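Report on the following structure.
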Amino acid sequence: MGGFFGTVSKTSCVTDLFYGTDYNSHLGTKRGGLATYSEEKGFIRSIHNLESTYFRTKFEGELDKFKGNAGIGIISDTDAQPIIINSHLGRFAIVTVAKVANIQELEEELLSQNMHFAELSSSSTNQTELIALLIIQGRTFVEGIENVFKHIKGSCSMLLLTEDGSIIAARDHWGRTPVVIGKKDGAYAATSESSSFPNLDYEIERYLGPGEIVRMYDDHIDQLRKPNEDMQICSFLWVYYGFPTSCYEGKNVEEVRFTSGLKMGQTDESEVDCACGIPDSGVGMALGYAEGKGVPYHRAISKYTPTWPRSFTPSNQEMRSLVAKMKLIPNRAMLQNKRLLFCDDSIVRGTQLRDNVKILYDYGAKEVHMRIACPPLIYACPFVGFSASKNALELITRRIIKELEGDENKNLEKYATTGSPEYEKMVSIIAERFGLSSLKFNTLETLIEAIGLPKCKVCTHCFDGSSHF
């Protein structure tokens, strides 16, 4: 994934830009970047690798070099950005939260038009540069951004910092990723995560609609393109990606997680001594479950926040397993001789679940029940940078389907249907494989009800295979 923050202010934007961007750190772990613009200094840009450290550590010491009242920042799991382009539209800096599924096809098309790519990383095309090249094919910024919407498969939200000191904010054509506008005296801001706003004194002004384009100045906003009617915002934002205090489409992340747990607790027939959350994203659901079920909430596992303040997903499977284990510390005193029910956001590969359950039993748990906030993940995501499911066979569900059917793509609709014989068999195998006393997933209907948006406005492809390009 990734997250961005941009602000235009009557005074220096640097402090707000630094902290506002940092508040997107839970969305990415690979690269961070900042760019400011002032008439005196022009564009100033810096990009750092974040794979072995944190955004604040990398940028704190060089903040004095940034000048100006307008700036954009990015936390990214993909490309080095911001990119700065000089074109017939003028100079501009750009950051994107994007997944371009047809990048190879577009790359060949642009090269055939005598375009070139300069920002190669590990010999691969930088997708933010590719998006910038699609923009400059337009006669205006709006026409260029619409050209991006027209050509890419996947998703793209973006911020452009222009030479007049304004910021153009554009939300993905289908609204798969959010853009939230904030306002305070003398400044406007746009961000992926509204949790960037409270401590910087911004109030949510509004949420950009799908495909909407606006231009922000320090004292007003101009709408350049009206939003589309159709929307497919990623449901996984509320399940996993989103920070608890963030809101998308007016729906708060923690409230959605709490409600999904509450609804499950009210109907669950399990007999347990307490409910516990797997940190971090399982905690809100567990608090709701405890209230709905009428059992106490206990903190039987704690995350070691001094060095694991956010998720970290190495590409190496062996390292992933180690990290999943090391960042969570079980508490024997809260586990011993208890029938425990744990809530978690999802089961992707099963790596973390396997290690966690074994430790819980080793530390004296009598029973371990698991409740999951969303339906089983059956389909890899082609729309947003959900790095956990690039390959369908990385999903534990698909591996089990392959074992049962001889083909990981067979009868997927049946396995995605709650209560079907195939679904029940798959869930029972997962439970048995990890030694769980019981395992239940929330239904798609419960998740949508908790989110509080019409099903047709929310992307649920990873659960049911529904798709819109």
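Small disclaimer: the values here were computed from a predicted structure and weren't measured.
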Side-chain heavy atoms of [X] within contact of [Y], under 4.5 Å:
| X | Y | answer |
| --- | --- | --- |
| I131 | C156 | yes |
| E39 | K67 | no |
| E51 | T29 | no |
| N24 | L27 | yes |
| D280 | F243 | no |

Spell out, as yes or no, whether a donor-acceptor pair under 3.5 Å connects the side chain of [X] to the backbone of [Y].
| X | Y | answer |
| --- | --- | --- |
| D344 | A373 | no |
| R215 | A169 | no |
| T397 | P376 | no |

Verdict with supporting geometry, T418 and T443, side-chain hydrogen bond (donor to acceptor under 3.5 Å, both in side chains): CA-CA 7 Å; T418 302; T443 65; 5.9 Å; no
Any chance the side chains of [X] and [Y] put a donor and an acceptor closer than 3.5 Å?
| X | Y | value |
| --- | --- | --- |
| T245 | E254 | no |
| E60 | Y54 | no |
| T460 | S235 | no |
| S76 | T78 | yes |
| N442 | R371 | no |
| Q113 | Q137 | yes |
| Y202 | T7 | yes |
| D172 | S155 | no |
| Q232 | H461 | no |
| N199 | Y23 | yes |

Quick check for you: to the nearest 0.5 Å, what is the distance between M158 atom CE and I74 atom CD1?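 These two atoms lie 11.5 Å from each other.
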[X] to [Y] - nearest heavy-atom pair and separation:
| X | Y | value |
| --- | --- | --- |
| P227 | G209 | CB-CA, 3.7 Å |
| T36 | L161 | C-CD2, 3.7 Å |
| Y217 | S166 | CE2-CB, 3.6 Å |

When you measure from the centre of the six-membered ring of Y379, is the NZ or CZ of R398 closer than 6.0 Å and no more than 45° off the axis?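 Yes, cation above the ring, under 6.0 Å and within 45°.
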Does the distance from a Lys or Arg side-chain N to an Asp or Glu carboxylate O, for R206 and E212, drop under 4.0 Å?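 Here R206 pairs with E212 in a salt bridge, since their nearest N and O are under 4.0 Å apart.
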Does K30 pair with D77 as a salt bridge, N-O distance under 4.0 Å?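 Salt bridge absent between K30 and D77.
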Has H88 got more than 12 heavy atoms of other residues, nucleotides or ligands less than 6.0 Å from its NE2?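 Enclosed.
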Heavy atoms from other residues, nucleotides or ligands near CD of E413 exceed 12 (cutoff 6.0 Å):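 Incorrect, the count does not exceed 12.
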Using residues 179-187 as the side-chain source, report each donor-acceptor pair under 3.5 Å to any protein atom, sequence neighbours left out, with the distance given to one decimal.
unit_1, atom_1, unit_2, atom_2, d
K184, NZ, D16, OD2, 2.7
K184, NZ, L200, O, 3.0

Non-neighbouring partners of F141 that pass ring pair (Phe, Tyr, Trp, His ring centres under 6.0 Å), sequence neighbours left out: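 Testing F141 for ring pair (Phe, Tyr, Trp, His ring centres under 6.0 Å), a comparison that skips the adjacent residues, returns F92.
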Test of understanding: with ring pair (Phe, Tyr, Trp, His ring centres under 6.0 Å), list the residues that count as partners of F441, not counting sequence neighbours.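 Residues passing ring pair (Phe, Tyr, Trp, His ring centres under 6.0 Å) with F441: none at all.
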I135 and its side chain to side chain contact (heavy atoms under 4.5 Å, CB included) partner, picked from L89, L130, T140: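 Testing each of L89, L130, T140 against I135, the sole residue satisfying side chain to side chain contact (heavy atoms under 4.5 Å, CB included) is L89.
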Apply side-chain hydrogen bond (donor to acceptor under 3.5 Å, both in side chains) to K402 and list each qualifying residue two or more places apart in sequence or on a separate chain.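 Partners of K402 under the side-chain hydrogen bond (donor to acceptor under 3.5 Å, both in side chains) test: none.
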Quick one: side-chain hydrogen bond (donor to acceptor under 3.5 Å, both in side chains) partners of H151, sequence neighbours excluded?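 If we apply the side-chain hydrogen bond (donor to acceptor under 3.5 Å, both in side chains) test to H151, skipping adjacent residues, the hits are N147.
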Using the rule given for side-chain contact (heavy atoms from CB on, under 4.5 Å), can you reason through K58 versus L50, listing the C-alpha separation, both sets of side-chain angles and the distance that settles it, and then say yes or no? CA-CA 8 Å; K58 286 288 192 179; L50 306 180; 3.9 Å; yes
Qualifying ring-ring contact (aromatic ring centres under 6.0 Å, His included) pairs, either residue in residues 56-78, two or more places apart: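 Applying ring-ring contact (aromatic ring centres under 6.0 Å, His included) to every pair that reaches into residues 56-78, excluding sequence neighbours, yields H48-F59, F55-F59.
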